Amino acid sequence: MIKFTNVFKAFPKGGLALKDVSFHIAKGEFVFLTGHSGAGKSTVLKLVYAEEPATSGEVRVSGFNLAEARRKDIPRLRRRLGIVFQDFRLLEDRSAEENVAFALEVTGARRASIPARVMRVLTQVGLAAKAQAYPRELSGGEQQRVAIARALVNEPTVLLADEPTGNLDERATRGVFQLLRDINASGTAVVMATHDLDLVRQAPYRVIELQEGALVFDSAVDERRDEAASP
Amino acid sequence: MNLVFREALLAFRRAPLLSALSVTTIAFSLFVVGLFGLVAVNLQQALRDVAERVEIVAYLLPGAPIETVTLAQKDIEAFPEVQAAAFVSEDQALQRARTELVEFRDVLQELERNPLPASIEVKLKPRFRDAEHVNDVAERLRGFGFVDDVRFGRDWVEKLDRLRQIAAAVGLVVGAAFAAVAIIIIGTTIRMAVLQRSREIAIMRLVGATDGFVRRPFLLQGAFKGMLGGLVAVGLSYGAYALINRWLIHAAFFSREQAVAIVGFGMLIGFVGSAASVGRHLRRV
């Protein structure tokens with residue numbers, strides 16, 4: 001569903017951000033994207049949601065070949081993705097439910113269907129009781145839940161999370177991580193960029209590690225190779 | 001569409017200060033244009049009033065048969081340039097001289113013989129009151145056999161022409177400069193409104209809004225702010241006009257069409273400015 005083939009990414013002033021990266025993420029998978037700051041985790045995600053084009057190589061996401069996709073195709077791609085950031089990116093002057101509804105409104109969803117869909121995802125993330133609260137009235141963990149609800153409301157096939165727990169304390173981190181696991185359990189693929197290795201060790205999910213823009217470890221590939229080599 | 005309206009109105013509610021600032025900026029920019037417009041309108045009016053006096057007088061030879069003259073008068077009235085042609089007999093001319101030239105009343109009273117010739121006074125239609133057409137008509141009048149002399153104050157008509165050209169050139173250049181300044185100021189204000197909401201635009205695009213969806217509320221808002229600004233500008237211009245009219249000189253105000261044009265200009269700048277600003281912003285992100 002997400003397929004990188006020999007992807008390079010160079011920024012005009014930042015040098016090479018990705019070097020020959022190839023991987024394939026299947027439907028319904030949970031994948032950790034790890035590495036130090038600046039290793040290229042965010043760049044991989046930006047390429048997936050077509051914020052940046054690859055310099056060379058092929059990026060395919062949910063049926064789109066992004067090298068061929070035109071600007072007007074991008075909104076259609078993004079509606080199939082849910083995106084969550086470290087800094088939440090909520091609109092401060094809208095309540096939690098308005099923030100979530102916003103994602104439906106911009107995609108032209110039927111007005112009448114919006115309130116029920118919003119309440120359903122807010123319930124799913126455990127924030128139904130605070131639907132009318134504004135972001136400043138919510139804790140970091142709660143704000144991130146609103147952001148996750150907004151990402152989920154369009155029923156994406158993949159949830160991309162860029163350091164979703166980076167700004168959260170340990171308790172909130174556990175809560176948000178558990179929420180992402182639940183979302184994954186119900187069939188949505190999750191790609192989570194993180195440098196929190198404790199979190200990575202907690203769960204038996206696939207790990208892709210980047211170092212200075214190069215893919216240095218992919219548990220799906222390396223473990224298979226280890227198994228093949230061991231007997 | 002409903003949503004577009006709501007988003008556009010929401011922007012006024014969420015950023016009332018910036019919205020008020022944009023409207024005020026647009027209003028004052030257009031007010032300056034409007035003031036200049038008022039000057040232009042009044043200058044035009046003054047020139048028209050002066051041009052009203054452009055007249056060609058054909059003096060007739062003594063004893064020209066009245067039937068011929070009446071027929072010629074009809075011909076002259078049929079010239080495409082001519083608005084009216086009036087016959088003034090010798091007696092009427094003397095009568096007029098007596099009332100108008102008070103200083104010479106005594107002289108005129110004592111005359112044994114009327115020295116004044118009969119004449120045909122020709123008035124041209126407003127758009128033909130320039131040196132070229134006046135000359136042209138005068139030339140044709142000279143062609144009539146019973147016409148002795150044709151007078152029209154050549155110097156004066158030429159000066160009027162020159163004045164009109166200068167007024168038009170100054171109006172065009174200064175008006176264009178004012179309009180350009182207004183466009184730049186208004187464009188900057190709108191750009192601020194776009195930048196203020198850049199975070200929101202980024203989030204909209206992230207959740208899959210199309211460029212058109214992002215753009216539409218801005219266009220609507222821009223046009224609306226431009227319209228409001230235009231209305232305020234016309235109001236301010238009217239205030240200025242009322243003051244001038246009351247305390248300084250009798251002046252003219254915009255016609256209804258001109259006032260509507262100012263508001264329309266504001267709307268257009270608001271719309272085009274927003275389109276340009278949002279377009280530029282979207283191309284960059």
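Chain naming here is simple, since letters A, B, ... match the order of the sequence lines and numbering starts at 1 in each. In this text, all values refer to a predicted model and were calculated from it rather than measured experimentally.
- Of the listed residues (Val214(B), Thr210(B), Val207(B)), just one forms a side chain to side chain contact (heavy atoms under 4.5 Å, CB included) with Val106(A), and that residue is Val207(B).
- Enclosure of atom NZ in Lys159(B) is not indicated, since only 12 or fewer non-hydrogen atoms of other residues, nucleotides or ligands lie within 6.0 angstrom.
- Taking CD1 of Ile203(B) as the start and CZ of Phe88(A) as the end, the distance is 12.5 Å to the nearest 0.5 Å.
- The shortest heavy-atom contact between Arg78(A) and Arg205(B) is NH1-O, 3.1 Å.
- Taking a 6.0 Å sphere around NZ of Lys3(A), one finds it holds 12 or fewer heavy atoms contributed by other residues, nucleotides or ligands.
- Here the shortest heavy-atom pairing between Pro75(A) and Ala209(B) reads CG-O, 3.6 Å.
- Arg94(A) touches chain B through its side chain: at least one heavy atom from C-beta onward sits under 4.5 Å away, while N, CA, C and O do not.
- Within 6.0 Å of atom NE2 in His24(A), more than 12 heavy atoms from other residues, nucleotides or ligands are found, so the atom counts as buried in its surroundings.
- In the displayed structure, Phe28(B) atom CZ is contacted under 6.0 Å by at most 12 heavy atoms of other residues, nucleotides or ligands.
- Atom CG of Leu206(B) and atom CG of Leu81(A) lie 9.5 Å apart (nearest 0.5 Å).
- Enclosure of atom CD in Glu132(B) is not indicated, since only 12 or fewer non-hydrogen atoms of other residues, nucleotides or ligands lie within 6.0 angstrom.
- The environment of CZ in Phe8(A) is crowded: more than 12 heavy-atom neighbours from other residues, nucleotides or ligands sit within 6.0 Å.
- Residues Met204(B) and Phe102(A) approach most closely at CG-CZ, 3.1 Å, considering heavy atoms.
- In the displayed structure, Arg162(B) atom CZ is contacted under 6.0 Å by at most 12 heavy atoms of other residues, nucleotides or ligands.
- In this structure, chain B has no heavy atom under 4.5 Å from any part of Arg76(A).
- In Leu17(B), the CG atom is not crowded: 12 or fewer heavy atoms of neighbouring residues, nucleotides or ligands sit closer than 6.0 Å.
- At a 4.5 Å heavy-atom cutoff, the contact between Leu90(A) and chain B is made by backbone atoms alone.
- In terms of heavy-atom pairs under 4.5 Å with chain B, the best-connected choice from Arg79(A), Lys72(A), Glu92(A), Arg150(A) is Arg79(A).
- When every heavy atom of Leu282(B) is checked against every heavy atom of Arg71(A), the shortest pair comes out as O-NH2, 2.9 Å.
- Counting heavy atoms from C-beta outward, Thr107(A) and Phe213(B) have side chains that stay 4.5 Å or more apart.
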